[in-house]
Amino acid sequence: MGRTYIVEDVVEGYLTKQCEQTAGPVSGLLIGQSSTQREYVVTATRTPQREESTASGGNSPDKEWVTEHARQVSRMLPGGLSVLGVFIVTDTDAKDTLTTLRQLVFAVENLISSERLWTSAEDDVSDRVVLHVNPKTRKTLCRTFDVKDPKSVAKPADWKYQSGVCSSWSTVSCCVSVDVLLPLPDNPTATEDTAKCLKEGLRGWAHQLESAVCLIDGRRLAADAELAGGQKRNVRQTYSAQLLITPDERRLAEGVQRCGGSVSVSGAVYSTAYLHSNKPKARQAEKLLKRDAVSTLTTRAQMLLEELLTSGGASEGSSRDEHQREQFCLPHRVFCPVEASGPVCVCDYRFSDEGLSEVIDRLKEMLDMDAAEKDLDIRRETPAEVLEGDAADEPTVETAEALQSKRNYFGAAMATTVALLATAASMLYLNDV
Amino acid sequence: MVVSDSLSSDRGTILRVRGPLEFKCHLVSTDARHMLKVISRTFETLKSQVKSESCVLTVCDSPVIIWPNKDVYITPQEITPNAPCDDILKWIQSDEQDPAGLRSAKKKSKKSSAASVINLRLMMEATKTGPLSAPILSRTVQKSHFLSTTFPVDCVVRTTVNETIKDAFERLLKALTHQLCEMEKVTLQHTKGTTLLVPEPLHFLLPEPKGLVTVVYPAGVPDSQLEAQRKELHQQFELPDDWPYFRRANTYHFPNEPYKDGYLRNPHLVLTHPTLDNGKVYLVQGTYSYHHYMQDHTDDNGWGCAYRSLQTICSWFQQQGYVERAVPSHKETQQALVDVGDKKASFVGSRQWIGSIEVQAVLNQLLGVTSKIMFVSQGSELASKGRELANHFLTEGTPIMIGGGVLAHTILGVAWSETSGQIRYLILDPHYTGAEDLQVVTDKGWCGWKGTDFWDQTAYYNLCLPLRPKVF
């Protein structure tokens, strides 16, 4: 019994459009939600053009490029949405591309999961889809691979178009406050140290959230309870969640220890998750919402640290004798609906020195979305502002200068990130599954 | 002076809040003044957290959640803040039966209905109403120190009958804030250089009307080093200074909390005491464990009764905080007698009986406790020992070991009438071979009131009456 993919009509139109362009084979990502019974594909996006022409033959997709695209796109998907697989529009025979496509989905999965701070659960669906479209015949071939099984083989799957797939999906959201304080290791710090230290600290915060008590619309629901609780099916619902946390019982590093400084993250993140309309469970809503909260904070911290690395890090080379405190604003989250009338949105992160036009450009580049400023929802979070003269201990507050580099335009980011991930990426292909 | 060993149900339920509170701060230097300033500031943050709208108390084993600082907002909303506190009890889904086997509902005596405890967990709500500011990452680079620990908050409030949830929880919040202040004092007092002692709240049950009192001690510091604090507490609560109330071993044990060692504590408390004309009841004070045949995988059926009575007595000294030594095994008891020269080396490992004299010797050798020996030439004389036994329980309050004929028992109290001379004895029988089942032990009289005919009227008896040290 293969998987069933219920796909938005819009995606059919999009794939057709890709067939009609003549610049050569097109690869891209399929985005949507998995559930135990079936998968829902909500949108698709082609891999952006690479600035330099690819040296290798134009027929096979550039694996590194596609994987990196998937990583960037993944950061733009709120809870409940994920990269379900890849598509390719090419007149090369389907059988020949299957191996490449298989490599792609495994590489994508490995890269995306390596960035996560939450652990995948037993009941998470591990099938990923590969879709092959022949532009001349318009024939589609749909197969799935189990990314948890290194030896998995292609299984057939059903690909069905439908209208209004996500028009009545439910939304669960909340605003989670963050207040994390961590010691830096006791030796000269570089940005890498900050990154490692922060990752550990955020892991602790993620763990707290994972075990938090979750209330939906003010009530604590039994794990197996349905989210809609007897209300009409296929009616769009919005739920508000509350999370109650308690500090970790495990005592780590008790007492007073030497350190090389401290790093803190403080503020709030707006977290949201979407659930399909086929009797979603409260437990699922809780899981997706918590994962989104962890992801959005982690993503932003990573983005900031990537920035610091690129720009050389504001504290590199400065004197370490006198203490100095630097403050950086994490970007704030902006949402854009996938279709004008639906509840499902993608998101992007806007740094304080950026305008909305940069957001629109990124939505176009990464997700091939044509959005206008009026479509963007920027009211969920307010941009962070560094307060001068904080009541701190002998403060010498230095606000980091606005980081001048062009931010996350795919090409620029690629240069840095590929450098960082060079080792990792090569390992992915060495252990070719 | 009979100290009540359990809270009676005359007053309302107990609210008990527990939860870890994270305490973290960055210390730019280990200069004492700076450290104290930073620590105080961190405590201010904790206090404001606890007083904020994000502070949440969840009732254990129930769906009830209370926000004490949001006009006492409660979910599920069927419960209103003006409802009596006891209403919360209806929402708690736990097994009413204590695993040790509480007295069945049929034979409910007044003594067995101990006060109910509502256990709450202290949590923080991480979510707030938006829109809120996106996060700021702050980094300070400097060779310095970092303080990180968790404080075990444990706060108790006794409600009055029919007190509303709103009032009770407002009081609970005040108690929580007060506890943080106490913790701050202890932390500041005991932080030197790079050592930090965690402030640990402990509850002690004082004689009525004072009731349950909470004291914050620095964790890990033994009773002997806390003498000054304990003396001050004795003065503050106007307590005699020859009986310990504030040693760690005196911590109040909440009902329905199982004891880690599995022994029954004070089984006599569920009994109905006899009423004699012009008679009074004089009981053992404090707490002890019931030791009897076959415990600890030791088959001492037929020979170990005096050893078990001795163990009961030792448990009393340990639980009042006079000694830290665990209850001795039979071998350890025998070894002690060899060590004092009372027995030959071959005694260890044997099944030889011991009597009151040996019990006296072991108490002295292992615990440093002195005991008086009382001798009656025949069992019938015990009927006339009412005054002496009553006095013993009044001034010493320790369990008595009695040996005679071929049996040894423990006397836990007497009911005695000065005018009529009537007397009853509260006996704890070490010959019981069953499981730690309170119901069986009390129903079948293994712990129970006996008359003068309990004793062999012609045999002679020796009693060992341990004296308690007159210290606090």
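A note on names: the letters A, B, ... follow the listed sequences, proteins ahead of strands, and every chain is numbered from 1.
- In this structure, chain A has a heavy atom under 4.5 Å from the side chain of B/Thr58, while its backbone stays farther away.
- Of the residues considered (A/Ser177, A/Cys174, A/Gly267, A/Pro183), A/Pro183 shows the highest number of contacts with chain B, using heavy-atom pairs under 4.5 Å.
- Within the 4.5 angstrom heavy-atom criterion, only backbone atoms of B/Leu122 (N, CA, C, O) approach chain A.
- Checking side-chain atoms of B/Lys143 against main-chain N and O of A/Gly260 turns up no donor-acceptor pair under 3.5 Å.
- Atom CD of B/Glu324 is surrounded by 12 or fewer heavy atoms from other residues, nucleotides or ligands within 6.0 Å.
- The closest side-chain heavy-atom distance from B/Ile65 to A/Leu215 is below 4.5 Å.
- Looking only at heavy-atom pairs under 4.5 Å with chain B, the residue among A/Ile245, A/Val176, A/Leu297, A/Val265 that has the most is A/Ile245.
- Within 6.0 Å of CZ on A/Arg350 lie more than 12 heavy atoms contributed by other residues, nucleotides or ligands.
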Open item on the list: Using the rule given for side-chain contact (heavy atoms from CB on, under 4.5 Å), can you reason through A/Glu381 versus B/Leu132, listing the C-alpha separation, both sets of side-chain angles and the distance that settles it, and then say yes or no?
Closed with: CA-CA 5 Å; A/Glu381 289 177 4; B/Leu132 292 172; over 6 Å; no

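- Proximity to chain B involves both the backbone and the side chain of A/Arg258, based on heavy atoms less than 4.5 angstrom apart.
- Taking 4.5 Å as the limit, some side-chain heavy atom of A/Gln327 sits within range of a side-chain heavy atom of B/Ser138.
- Considering only heavy atoms from C-beta on, B/Met124 stays 4.5 Å or farther from A/Leu244 through its side chain.
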TODO: Let me see the working for B/Thr75 and A/Arg219 under side chain to side chain donor-acceptor pair (under 3.5 Å), right down to the final yes or no.
DONE: CA-CA 7 Å; B/Thr75 178; A/Arg219 287 192 88 100; 5.4 Å; no

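- Other residues, nucleotides and ligands contribute at most 12 non-hydrogen atoms within 6.0 Å of the NZ atom of A/Lys196.
- Note: A/Thr246 OG1 to B/Arg18 CZ = 12.5 Å, rounded to the nearest 0.5 Å.
- The local environment of CD in B/Gln77 is sparse, with at most 12 non-hydrogen atoms from other residues, nucleotides or ligands closer than 6.0 Å.
- In this structure, B/Asn82 places its CG atom where more than 12 heavy-atom neighbours from other residues, nucleotides or ligands lie under 6.0 Å away.
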Task: side-chain contact (heavy atoms from CB on, under 4.5 Å) between B/Leu137 and A/Leu304, intermediate numbers included - done: CA-CA 9 Å; B/Leu137 190 150; A/Leu304 176 72; 3.8 Å; yes

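- Residues B/Pro135 and A/His332 have side chains not in contact (no heavy-atom distance under 4.5 Å, counting atoms from C-beta outward).
- In terms of non-hydrogen atom pairs under 4.5 Å with chain B, the most contact-rich of A/Ala268, A/Ser262, A/Pro331, A/Ala293 is A/Ser262.
- Heavy atoms from other residues, nucleotides or ligands lying under 6.0 Å from NZ of B/Lys47 number more than 12.
- Side-chain atoms of B/Thr140 do not come within 3.5 Å of backbone N or O of A/Arg325 as any donor-acceptor pair.
- Considering only heavy-atom pairs separated by less than 4.5 Å from chain B, the leading option among A/Val269, A/Leu209, A/Leu182 is A/Leu182.
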TODO: Tell me, with the steps shown, if A/Gln242 and B/Glu125 meet side-chain contact (heavy atoms from CB on, under 4.5 Å).
DONE: CA-CA 7 Å; A/Gln242 287 165 285; B/Glu125 181 174 346; 3.1 Å; yes

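- The contact between A/Arg300 and chain B is made entirely by side chain atoms (from C-beta outward), counting heavy-atom distances below 4.5 Å.
- Contact count against chain B (heavy-atom pairs under 4.5 Å) is highest for A/Ser266 among A/Ser266, A/Ser271, A/Cys329.
- Residues B/Ser133 and A/Pro383 share a closest heavy-atom pair of OG-O, 4.0 Å.
- A donor-acceptor pair under 3.5 Å links the side-chain atoms of B/Thr127 to the main chain of A/Leu243, judged by distance alone.
- Two residues are said to be in side-chain contact when any heavy atoms from C-beta on lie closer than 4.5 Å; A/Pro247 and B/Leu21 fail this criterion.
- Using a 4.5 Å heavy-atom threshold, the side chains of A/Leu181 and B/Phe146 count as touching.
- Only the backbone of A/Ala241 comes within less than 4.5 Å of a heavy atom in chain B; its side chain stays farther off.
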